[in-house]
Amino acid sequence: MNQLKIAIQGVLGSFHHQVALRNFGEVIEILDFTTFEPVARSVANGEADFAVMAIENSIAGAILPNYDLIDRYGLSIRDEYYLPIGHQLMALPGQTIEDITEVRSHPMALLQCKAFFAQHPHIRLKEDTDTASVARDIAKENLKGVAAIASTIAAEIYGMEIIAADIQTVKSNFTRFIILQKEAVKPANSVNKASIKVTIQNQQGGLAKLLTLISENGIDLSKIQSIPVIEKPWEYAFFIDLVFEDHVIFSRTIEEIRITFGEVKIFGEYLSRKQ
């Protein structure tokens with residue numbers, strides 16, 4: 001039996017890698033990419049069976065470009081996963097916080113640990129592409145005085161020592177990941193959440209009418225993000241997450257939105273996993 005191929009942004013030990021392991025088990029083949037676009041592309045062209053993609057963080061907010069990638073590559077959302085994020089400060093063994101002059105990590109990880117580093121002004125912060133790849137490179141290049149912010153599993157994989165644990169400013173810190181596939185997912189009976197895109201013209205009261213329609217049907221809007229439609233001036237695409245109890249009412253609401261506003265695209269219907 002062939003192993004499932006799972007595309008992720010980042011390397012082994014990254015948070016994306018953790019979510020892949022928790023969703024699909026350890027007997028998988030990881031296709032790791034530096035940025036999100038080739039992750040989406042690998043699923044669209046059949047190179048990967050599924051992808052794991054971060055879509056929002058409870059502190060830093062939504063990752064807007066990833067909504068656009070899902071749309072452009074015609075991908076479907078199979079599921080979601082909320083991962084509690086613990087940021088560990090790690091370096092080569094035998095060092096203390098006083099020995100560290102530079103910390104490298106993903107910009108979002110640095111942002112989520114700002115309060116910690118305000119207490120250590122001697123440390124210079126440097127943005128990098130991925131949390132775990134920094135830990136890997138420090139170990140590979142035997143860099144003293146340089147630390148990474150990454151996960152516990154990254155420290156284990158690359159032989160790093162954690163010199164300060166859980167340094168994120170807000171301890172209740174979650175990132176929402178989505179599991180993507182190429183083919184449209186047939187919703188199960190237990191689904192209670194959907195991700196959709198609605199395109200409306202910038203007409204007076206247009207968005208208010210949309211929100212009212214959703215609310216009057218007893219459907220909860222848990223997330224909304226807007227992106228201008230580049231090829232259509234004065235039109236906006238709204239990426240919306242809806243939570244509902246009755247799938248029949250949800251389907252009827254989608255049809256009402258189509259009649260009133262026009263274009264509606266359903267990216268996926270799945271079970272809410274919110275903690």
Side-chain angles (χ1 to χ4, degrees), residues 2-58 60-88 90 104-112 127-140 148-158 160 168 173-183 185 195 267-268 270 273:
N2 293 332
Q3 292 183 353
L4 287 176
K5 295 181 179 180
I6 313 299
I8 65 169
Q9 184 273 324
V11 300
L12 299 185
S14 65
F15 294 117
H16 283 85
H17 181 212
Q18 287 187 53
V19 174
L21 293 175
R22 294 186 186 191
N23 269 269
F24 299 102
E26 297 190 4
V27 187
I28 55 177
E29 181 181 347
I30 295 293
L31 307 181
D32 57 314
F33 299 95
T34 304
T35 60
F36 285 112
E37 177 124 17
V39 171
R41 188 186 305 120
S42 70
V43 177
N45 64 22
E47 181 184 358
D49 298 299
F50 302 99
V52 174
M53 182 178 286
I55 199 70
E56 65 177 304
N57 177 264
S58 58
I63 307 174
L64 283 176
N66 288 358
Y67 285 91
D68 181 58
L69 287 175
I70 298 165
D71 189 20
R72 282 197 289 115
Y73 283 96
L75 303 180
S76 294
I77 300 174
R78 166 193 172 101
D79 206 349
E80 66 177 3
Y81 190 94
Y82 285 81
L83 180 73
I85 303 297
H87 287 310
Q88 321 302 328
M90 62 191 67
R104 304 174 185 174
S105 196
H106 188 277
M108 192 170 288
L110 295 173
L111 176 67
Q112 293 169 11
E127 295 184 355
D128 212 305
T129 56
D130 177 65
T131 55
S133 65
V134 174
R136 178 198 63 191
D137 294 345
I138 290 173
K140 183 178 179 181
I149 302 171
S151 66
T152 302
I153 190 176
E156 295 170 357
I157 291 173
Y158 301 113
M160 303 286 278
Q168 65 273 13
N173 177 12
F174 289 83
T175 293
R176 177 183 171 224
F177 294 82
I178 50 178
I179 312 302
L180 297 168
Q181 65 183 56
K182 182 178 180 180
E183 303 299 330
V185 186
S195 295
F267 293 124
Y270 48 94
R273 308 286 183 180

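What you are looking at is a predicted structure, and each value in this text was computed from that prediction instead of being measured. Positions are given from 1 along the sequence.
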**Prompt:** Sub-3.5 Å donor-acceptor pair from the side chain of N57 to the main-chain atoms of A62, do we have one?
**Reply:** no
**Request:** With sequence neighbours excluded, tell me which residues meet salt bridge (Lys or Arg N to Asp or Glu O under 4.0 Å) with D68.
**Result:** R72
**Asked** With a 4.5 Å heavy-atom cut-off, do I77 and I179 have their side chains touching?
**Response** no
**Value rounded to 0.5 Å, distance of CZ in F36 from CG in L69** = 8.5 Å
**Message:** How long is the straight-line distance from CD of E47 back to NZ of K182, given to the nearest 0.5 Å?
**Reply:** 12.0 Å
**salt_bridge(R273, E80) N-O dist < 4.0 Å** = no
**Prompt:** If you look only at pairs with a residue in residues 5-21, which of them pass as a side-chain hydrogen bond (donor to acceptor under 3.5 Å, both in side chains), with sequence neighbours excluded?
**Reply:** Q18-S151
**Distance (rounded to the nearest 0.5 Å) between H87 NE2 and F15 CZ** = 5.0 Å
**Item:** Test side chain to side chain contact (heavy atoms under 4.5 Å, CB included) applied to M53 and L75, step by step
**Value:** CA-CA 12 Å; M53 182 178 286; L75 303 180; 5.6 Å; no
**Request:** Look at the side chain of E37 and the backbone N and O of T35, then say whether any donor-acceptor pair between them is shorter than 3.5 Å.
**Result:** no
**Asked** Would N23 and V52 satisfy side chain to side chain contact (heavy atoms under 4.5 Å, CB included), going step by step from the backbone distance to the final call?
**Response** CA-CA 9 Å; N23 269 269; V52 174; 5.9 Å; no
**Prompt:** Got a second to check how far I85's CD1 is from Q168's CD, nearest 0.5 Å?
**Reply:** 8.5 Å
**Fill in**
Taking every heavy atom of L12 against every heavy atom of Y158, the minimum-distance pair comes out as O-OH, 2.7 Å
**Complete:** Test side-chain contact (heavy atoms from CB on, under 4.5 Å), reference F33, set I8, D130, V39, output is V39
**Item:** Inter-residue atom distance Q3.CD - I30.CD1, 0.5 Å rounding
**Value:** 10.0 Å
**Prompt:** Minimum heavy-atom separation for A7 to S42, with atom names?
**Reply:** CB-OG, 3.3 Å
**Request:** Taking the side chain as every heavy atom from C-beta outward, state whether F50 and V43 have any atom pair closer than 4.5 Å.
**Result:** no
**Message:** Please report the interatomic distance CD1(I178) to CD1(I70), rounded to the nearest 0.5 Å.
**Reply:** 3.5 Å
**Request:** For residues L83 and R22, determine if any side-chain heavy atom of one lies less than 4.5 Å from a side-chain heavy atom of the other.
**Result:** yes
**Message:** Can a donor-acceptor pair be found, under 3.5 Å and without considering hydrogens, that links the side chain of Q181 to the backbone of E183?
**Reply:** yes
**Asked** Could you go step by step and tell me if I63 and M108 meet the side chain to side chain contact (heavy atoms under 4.5 Å, CB included) rule?
**Response** CA-CA 10 Å; I63 307 174; M108 192 170 288; 4.1 Å; yes
**Request:** Could you pull out the closest heavy-atom pair between M160 and A135, with the gap in Å?
**Result:** SD-O, 3.9 Å
**Request:** Starting from the C-alpha separation in whole Å, work towards a yes-or-no answer on side chain to side chain contact (heavy atoms under 4.5 Å, CB included) for I6 and L31.
**Result:** CA-CA 6 Å; I6 313 299; L31 307 181; over 6 Å; no
**Heavy-atom pair of closest approach, residues Y73 and A40** = CD1-CB, 3.7 Å
**Prompt:** Side-chain contact, heavy-atom cut-off 4.5 Å: L21 with I153?
**Reply:** yes
**Residue list, salt bridge (Lys or Arg N to Asp or Glu O under 4.0 Å) with R78, at least two apart or on another chain** = none
**Request:** Please name the pair of heavy atoms, one in A54 and one in T175, separated by the smallest distance, quoted to 0.1 Å.
**Result:** CB-CG2, 4.0 Å
**Request:** Determine yes or no for a side-chain-to-main-chain donor-acceptor pair under 3.5 angstrom, with S58 supplying the side chain and F174 the backbone.
**Result:** yes
**Message:** If I compare all heavy atoms of T131 with all of A109, which pair ends up nearest, and what's the gap?
**Reply:** CG2-CB, 4.0 Å
